[in-house]
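Residue numbering restarts at 1 for every chain, and letters A, B, ... go by the order of the sequence lines.
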Amino acid sequence: MSDTVRVRFAPSPTGHLHIGGARTALFNWLFARHINGAFILRIEDTDTSRSTDDYIEAIIEGMKWLNLDWNEGPFRQTDRFDVYRKYVERLLAEGKAYRCYCTAEELEHRRQQALADGKTPKYDGRCRSITEPMPNKSFAVRFKMPQEGTTVLNDMIKGAIVFENNLLDDMIILRSDGTPTYNFVVVVDDIDMKITHIIRGDDHVNNTPKQIHIYKAFGWEPPQFGHLPMILGSDKSRLSKRHGATSVMAYKDMGYLPDALVNYLVRLGWSYGDQEIFTRQELINYFSFDNVGSSAAVFNPEKLLWLNSQYIMNTPAEALAEMVLPFVVKAGFIREGQYPNMQWLSKAVLTLRERSRTLVELAQSMKYYLVDEVEIDQKAGDKFLKPEGIALLADLKDALTGIEDFTVPEIMPPASVMPRCNGQLMASANA
RNA sequence: GCCCCCAUCGUCUAGAGGCCUAGGACACCGGCUUUUCAAGCCGGCGACACGAGUUCGAAUCUCGUUGGGGGCGCCA
């Protein structure tokens, strides 16, 4: 393993693993696997009021389903509060941070006021001048941001981005309840875990200069940054439930294969010439940030559906039979525990696989193999179930009764002696 | 309001100054094949946001405009 490259995926457990997060995780994972580095999973749960253990489980479940394995972790930031506190103390002692006695209400009021006045909301630094701790008063700790000069972010994807330091806020690094905030812990952890490349969403670009100053305050060398463009909904607004399912596991339930989702996601922002379908190994071999674009992408469920159908068609029937089984059970066509012979099921799958775009569709189409009563498609029935067609079917039934090994070679002889057109017969049989 | 980012078919994208009368994929529309449905094959529709530069030459470089996105929390 390379001892140089270490990347991480750091979701906050305030929701399920969603499409955007999954793509961020995927790019980190691909980069690590490509270069033989380490991929670390870290749970950013410093917002104790919104984080839940259930969501941590859900995120891990999503990662596992997508087959994105990690080398270290999952680490939880709530396990590391004492570490962060030490670093806060250090900044306080060195005069690089200060206690702020403004209340959350005051701050919120000022912020709204500034927004209403059309001004940039920014902390005015009024507590900077308080040098002696005020006893019996609760406080938050703020970081003293430099107010002059510029900060340059050399982004792996976006190139050089320059920020004016006087626009940077003295951000809170420790809340009045004693818990640290994101922009602070992310830096401490990334240093602590020796992260070399931070690959994350575009929405973090504006946080980066602030974080760079924290690195500098501690005398640490900032890692490389790469900011991935966002994934948008069909109306080009931020992807949300309005645009359909956003949770990764919802796609599992809808009968998508994890490899198909991965393949779809990777092509949102990354490309390799004209190639559309990749094996995992190809993805790992080919992946590079040189081929990552910098503009946002619209999530297109139709293309994902097409990719899924391609994956289903190319999955061996035996494997597909295993995959579809839970969906068949869920549809109620077979009972749990009363599983059919898997070899037989594979044969059934083989006949249906190329007309199914999802496992749900596949399971649905297997109904007539598994359930006694038969529903006839209206259109096909009208077309073929005419008296002569029915007569043919009756003949066929007689011919077929008694055949034990129901395979193509066994069926064809009796079927082909049927007078007139075979095609109509087959069509009738299908209907 | 301020800051940052982005800009090729409806969508995902190829394109690193001449290989571009702009290529591929999804979707859509035709045809072939299959007497169903699919799959497959062939074809069609369809884009360099706009305006100035730089250059012999620009989708590609620069600036501006417009449009879109993101950020401005004791959220992450």
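- Atoms CG (A:Leu228) and C1' (B:G69) sit 15 Å apart, rounded to a whole Å.
- The base-pairing partner of B:A58, taking Watson-Crick or G-U wobble contacts with both distances under 3.5 Å, does not exist among the strands shown.
- For the P atom pair drawn from B:C32 and B:A16, the interatomic distance equals 40 Å after rounding to whole Å.
- Looking at heavy-atom distances under 4.0 Å, A:Ser12 makes contact with sugar-phosphate atoms alone, never a base.
- Using N1 to N3 plus N6-O4 or O6-N4 for Watson-Crick, or N1-O2 and O6-N3 for G-U wobble, each under 3.5 Å, B:C37 pairs with nothing.
- OP1 or OP2 of B:U11 has at least one side-chain nitrogen or oxygen of A:Lys236 nearer than 4.0 Å.
- Between the side chain of A:Asp202 and the base of B:G70, no donor-acceptor pair under 3.5 Å is found.
- Heavy atoms only, all atoms of each residue included: A:Ala22 and A:Leu68 are closest at O-CD1, 4.4 Å.
- Atom-to-atom, CG of A:Asp290 to P of B:U13 comes out at 17 Å; the value is rounded to the nearest Å.
- Each of B:C72, B:C26, B:C74 was ranked by its minimum atom distance to the side chain of A:Pro121; first place goes to B:C72.
- The side-chain tip of A:Arg142 points at the ring of A:Tyr123 from less than 6.0 angstrom away and within 45° of straight on.
- Counting non-hydrogen atoms under 4.0 angstrom, A:Asn207 reaches a base of the nucleic acid.
- Picking from B:C6, B:C26, B:G71 the nucleotide with the shortest atom distance to the side chain of A:Arg238 gives B:G71.
- Cation-pi geometry between A:Arg23 and A:Phe27 is satisfied (NZ or CZ under 6.0 Å from the ring centre, within 45° of the ring normal).
- Of the listed nucleotides (B:A76, B:A38, B:A25), B:A38 has the atom at the smallest distance from the side chain of A:Glu354.
- Residue A:Arg357 has no polar side-chain atom (N or O) positioned under 4.0 Å from OP1 or OP2 of B:A27.
- Between B:A76, B:U36, B:G69, one nucleotide has an atom nearer to the side chain of A:Ser237 than all others, and that is B:G69.
- OP1 or OP2 of B:A76 sits under 4.0 Å from a side-chain N or O of A:Thr46.
- In this structure, A:Glu44 reaches the sugar-phosphate backbone alone: every heavy-atom distance under 4.0 Å involves primed, P, OP1 or OP2 atoms, never a base.
- Between the base of B:C74 and the side chain of A:Ser176 there is a donor-acceptor pair shorter than 3.5 Å.
- Nucleotides B:C19 and B:C2 are separated by 46 Å at their C1' atoms, to the nearest Å.
- On the C1' atoms, B:C26 is 15 Å away from B:A14, given to the nearest whole Å.
- For the OP1/OP2 pair of B:A38 and a distance below 4.0 Å, the side-chain nitrogens and oxygens of A:Gln310 include no atom meeting the criterion.
- B:C19 is unpaired under the criterion used here, namely a Watson-Crick or G-U wobble arrangement in which both key atom distances are under 3.5 Å.
- Counting any heavy atom pair closer than 4.0 Å across all strands shown, A:Ile172 reaches a base atom.
- Atom-to-atom, CG of A:Leu167 to P of B:C2 comes out at 11 Å; the value is rounded to the nearest Å.
- Classification of A:Arg85 and A:Glu89 as a salt-bridged pair fails, no side-chain N sitting under 4.0 Å from a carboxylate O.
- Here B:C2 sits opposite B:G71 as a Watson-Crick or G-U wobble pair (both hydrogen-bonding atom distances under 3.5 Å).
- Mapping A:Leu304 and A:Lys119 onto RNA chain B via the closest heavy atom, the residue that lands nearer the 5' end is A:Lys119.
- Of the P atoms belonging to B:C4 and B:A47, the separation is 34 Å, rounded to the nearest Å.
- Separating the P atom of B:U21 from that of B:C37 is a span of 42 Å, rounded to the nearest Å.
- The side chain of A:Asp169 has B:G73 as its nearest neighbour among B:U13, B:G73, B:A39.
- Not one side-chain nitrogen or oxygen of A:Thr120 sits closer than 4.0 Å to the OP1 or OP2 atom of B:C72.
- When heavy atoms are screened at a 4.0 angstrom cut-off, A:Cys102 is found touching base atoms of the nucleic acid.
- Ranking B:C4, B:C12, B:G40 by closeness to the A:Ala297 side chain, first place goes to B:C12.
- In this structure, A:His204 reaches the bases: a heavy-atom distance under 4.0 Å links it to at least one base atom across the strands shown.
- When all heavy atoms of A:Val141 and A:Val88 are compared, the closest pair comes out as CG1-CG1, 4.0 Å.
- Under the Watson-Crick or G-U wobble criterion, with both distances below 3.5 Å, B:A14 has no partner in any strand shown.
- For A:Asp274, whose side chain is taken as the heavy atoms from C-beta onward, the closest listed nucleotide among B:G68, B:G23, B:A27 is B:G23.
- Atom pair A:Asn263:CG and B:A25:C1' shows a separation of 11 Å (rounding to whole Å applied).
- Among the atoms of the strands shown, only primed sugar atoms or phosphate atoms (P, OP1, OP2) are found under 4.0 Å from some heavy atom of A:Gly269.
- Remark: B:C28 base-pairs with B:G44. Criterion, Watson-Crick or G-U wobble with two distances under 3.5 Å.
- One C1' atom belongs to B:G51, the other to B:G69, and the distance between them is 23 Å to the nearest Å.
- For the C1' atoms, the distance linking B:A52 with B:U13 amounts to 29 Å, nearest Å.
- Remark: the separation of the P atoms in B:C20 and B:G15 is 14 Å, to the nearest Å.
- Residue A:Met171 is classed as having no contact, given no heavy-atom separation below 4.0 Å to the nucleic acid.
- Side-chain to base pairing of A:Asp203 with B:A76: no donor and acceptor N or O lie closer than 3.5 Å to each other.
- Using modelled atom types, one finds no donor on one side chain facing an acceptor on the other under 3.5 Å when comparing A:Ser288 with A:His34.
- Residue-to-nucleotide contacts include no donor-acceptor pair under 3.5 Å from the side chain of A:Glu108 to the base of B:G73.
- The distance between atom CD of A:Gln275 and atom C1' of B:G15, rounded to the nearest whole Å, is 17 Å.
- Checked against B:G69, B:C74, B:A7, the side chain of A:Leu107 finds its nearest nucleotide in B:C74.
- The side chain of A:Thr181 lies closest to B:C74, out of B:C74, B:G69, B:A7.
- Here A:Arg111 reaches the OP1 or OP2 of B:G73: one of its side-chain N or O atoms lies under 4.0 Å away.
- Because its NZ or CZ atom is both nearer than 6.0 Å to the ring centre of A:Trp29 and within 45° of the ring axis, A:Arg280 counts as a cation-pi partner of that residue.
- Taking each heavy atom of A:Leu168 and A:Lys122 in turn, the nearest pair found is O-CE, 3.3 Å.
- The shortest heavy-atom contact between A:Gln147 and A:Asn166 is O-CB, 3.3 Å.
- The cationic atom of A:Arg99 (NZ for Lys, CZ for Arg) lies less than 6.0 Å from the six-membered ring centre of A:Phe139 and within 45° of the ring axis.
- Of the listed nucleotides (B:C12, B:G1, B:C3), B:C3 has the atom at the smallest distance from the side chain of A:Asn206.
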